[in-house]
Amino acid sequence: MKQSKNFLQTIVEKDLESGKNREIVTRFPPEPNGFPHIGHAKSIFINFGIARDYNGHCNLRMDDTNPTKEDTTYVEALKDAVTWLGYEWEGNVRFTSDYFAQIHEYAIKLIKMDRAYVDSVDEEEMRELRGTVTEAGKHSKYASRTIEENLEMFERMCKGEFQDGEHVLRAKIDMSAANMKMRDPLMYRIRHAEHFRTGSEWCIYPMYDFAHCLSDYIEGVSHSICTLEFENNRDIYNWVLDTLELNPPRPYQYEFARLGINYTVMSKRKLLELVEGNYVSGWDDPRLPTIAGLRRKGYTPESIVTFCDQVGIAKANSMVDVAQLEFTIRDDLNPKVPRVMCVLDPLKVTIENYEGSSEELDASYYPDDVPREGTRKLPFSREIYIERDDFEENPPKGYFRLTPEQPVRLKHGYIIACKELIKDSDGKITEIKAEYYPTSQSGSDTSGIKVKSAIHWVSGDKAKKVEVRLYDRLYSSEMPEGIEDLNPNSLQVIKDALIEPAVVTEKPDERFQFERQGYFFADPIDYTDEKPVYNKIVGLKDSWAKKRKAAPQKAQTKEKKVQIDGEVVAMTPEQESLFARYREMLKLNSEVANTLARDVDLSAFFEEALAVLHSPVNLANIITNEVAREIKQSGKEALKFTPKQIAELIKMVDDTTISNKIAKQVFEEIVTSGENPVKIVESKGLVQISDPEIIGSMIDAVIEKNPDNLEKFRAGNKKLLGFFVGQVLKATGGKANPKIVNQLLAQKLG
RNA sequence: UGGGGUAUCGCCAAGCGGUAAGGCACUAGUUUUUGGUACUGGUAUUCGGGGGUUCGAAUCCCUCUACCCCAUCCA
């Protein structure tokens, strides 16, 4: 596994360290309304993975709050997926519906707190009242119902006195919130529908935003991890849990980017369309990115987990290359599975000088570089079949296989040479007459003949006829939109491929490498001993095919795209005059003056500091850069320091008591403690070191410790000057005067 | 256009003021009875653009740009 941490692990570790959480509890909360796909695998990997990594636990919870969409068959598929991937959930499978009674109680509590109300406008009106992203919403006339009225209405909703859609329960938050999700979100709606678990017990069902956070809380979840599109919902998540004043600890939500893979689709809607429109054979069609499909195709759970690990977890929307997925399964199978020979497109070869009728050759199932044991008998006879591709009458340059002039080795067998071609009336080759070299047998070759390659083959009389299903990517477009982008050749069924008999009779495994072709999997459903069926998992890398196609080289030079800059908002007359004063009277540079003039808080802070110390440039710099950050992060009211303290700090910089670097360090201290800067410098002994002799000896020590970097520097890697400066500064705890360090270093390094 | 996010190699992705990790893909070579594997090397003078602060910026500040999400009684 990887050594670098993702942002979620960083958060978890911090929370564990700070004591915020004693145990890590996560949950995988799918809605049972569709088959899980590889995107779910990523979520499973994250949630169960974090629980496993930090000795916590992970729940499997079905988010079943919408009775009209969910079904128990999906519950089973979801459970299968988790188990198959190698994870175990804590205790029983949970259901949000288990908590319906508690959630209902919380709703009543909210009504009693006057933080929720029953609304009775119709859907259309509600949408209008909600406003738009740029316009505030308006209150519904029902928002002012009394608590008693709301309580009564909600009870009647619950009892089933109303039709679907007549009333809803909404949180009372803020109809003019900039976050649309906070404009009095719905918490309960009426649904007279049979729920697959609770039957007709309820006719009101909680919405996701209300049920999810509470379910997390009820289960004691510490980190509620979901995908990016729920970022806006985090405000409700927090609002519900905070407003209800629940006993701590409570869960917190974090979001990561969902998985996207090119040449495939991941949305439930599109997947459903493929299945229902019979574009594929079912949810487990091997071309689908569903767990069931991947599994039927022959992917191993390990390879999928590895894939999830390799693509990483971050917050940037991304589109992973399928090549990455294909790599993980090849890499997983390569050291594990037996190699066997299967001819997909047979071409008959008659070995005319072969005397006997047949013989059996010994052949290992594994190449030398795979440390596994196992052999089988390989029948050889006068008539064999080779891959049509492995013969060329007029070979291109660099062709290593059989040609009229070029002999080739039969893998594990003899070397053969082509003597004559038999063609049909269309000119298609139907048979090759060949000769073999009796002394060239694999392992005991004394013929001295050199060949360029070894090809796979099967014996004519003993080979078994099998069905092979060749899968290619489902879509031909890298970012498929819909049905029109389907790849018409995504499935090719070969009814009469020929395979060596041991594969079928001995069945040494269920996954194989068909030598020189790819990895294949015995289809778990359609395979029978009478009619074996193999699915192609993934092809081997094929650098020959690549070389042949490589003709049109893209001679693209990276052109730098020109970026158009937008217009900056004009300053008001007041800002204009302030800007002019800063520029002319105080000699500030235009960027700093600009920032200060446009920001009332910053300029006020600056003016106050300036009244204490007349050092306009240095004050302006620290205020526009460092102070600005603090105000941005925590607001000006929360600042623990005053302009006067900043002025005192800058005074020490001005009289060279401390360096700029130390000033920043002291500033950080002031930010958190609000202490007097002079005192901090005194108590920590942060006075700057400028004595060239002291610095000189430190430099010598650093140089001595880093001989290889010194060499690199002398060889021309001038970037390393920064490295050396950094080392010296580190050695002095940041106190060395960087200007002097630079000067001296430049001298010493020559 | 309001709010919330995100930008580091062809694709992912580390990095949190001091030498731009790693994987895939690509590429050159070595080994090879799989044109596979394995191994060795090559791939970002630069981090969306422009400024600023600093001895030193992918990292801090300002600003611009592009993309994604939000106006389901879905989750």
Check for a donor-acceptor pair, side chain of [X] on one end and backbone N or O of [Y] on the other, with a separation under 3.5 Å.
X	Y	result
A:E31	A:K69	no
A:T227	A:E229	no
A:R130	A:G137	no
A:T264	A:I261	no

Counterpart base for [N], defined by Watson-Crick or G-U wobble contacts under 3.5 Å:
N	answer
B:C26	B:G42
B:G36	none
B:C67	B:G5

Does the [N] base have a donor-acceptor partner in the side chain of [X] within less than 3.5 Å?
X	N	result
A:K739	B:G56	no
A:T624	B:U53	no
A:K664	B:G17	yes
A:E123	B:U72	no

Under 4.0 Å, heavy atoms only, any strand: does [X] hit a base, just the sugar-phosphate, or nothing?
X	result
A:F7	nothing
A:N66	sugar-phosphate
A:D445	nothing
A:E515	base
A:V168	base
A:N232	base
A:G518	nothing

pi-stack flag for A:F230 and B:A75, centroid dist under 5.5 Å, interplanar under 30°: no
Pi stacking test for A:W544 and B:G35: under 5.5 Å apart, planes under 30°: yes
Can you check the [X] [atom1] to [N] [atom2] distance for me, whole Å?
X	N	atom1	atom2	result
A:K411	B:G36	NZ	P	12 Å
A:N6	B:G23	CG	P	18 Å
A:I173	B:G3	CD1	P	19 Å
A:E231	B:U6	CD	C1'	9 Å
A:L720	B:U19	CG	C1'	5 Å
A:H456	B:U34	NE2	C1'	10 Å
A:F307	B:G23	CZ	C1'	12 Å
A:F579	B:U63	CZ	P	14 Å

A:I623 vs A:L596, side-chain contact (heavy atoms from CB on, under 4.5 Å): CA-CA, chis, key distance, verdict: CA-CA 8 Å; A:I623 289 166; A:L596 236 31; 4.2 Å; yes
What's the closest nucleotide to the [X] side chain, out of [options]?
X	options	answer
A:D331	B:C62, B:A38, B:C73	B:A38
A:R130	B:A21, B:C73, B:C62	B:C73
A:R339	B:U1, B:C55, B:G36	B:G36
A:F723	B:U19, B:A25, B:G23	B:U19
A:M180	B:A75, B:G2, B:A14	B:G2

A:D184 versus A:Y117, side-chain donor and acceptor atoms under 3.5 Å: yes
Any side-chain heavy-atom pair of A:E626 and A:V671 under 4.5 Å: no
Any residue of residues 705-712 of chain A with a heavy atom less than 4.0 Å from an atom of RNA chain B: A:N709
Separation between the C1' atoms of B:A28 and B:C67, rounded to whole Å: 37 Å
Atom NZ of A:K718: over 12 foreign heavy atoms under 6.0 Å: yes
Note: A:R629-A:E668 ion pair, threshold 4.0 Å (strictly below): yes
Along RNA chain B (nearest heavy atom to each residue), the more 5'-positioned of A:K69 and A:G398: A:G398
Partner of A:R189 under side-chain contact (heavy atoms from CB on, under 4.5 Å), chosen from A:I204, A:N66, A:L169: A:N66
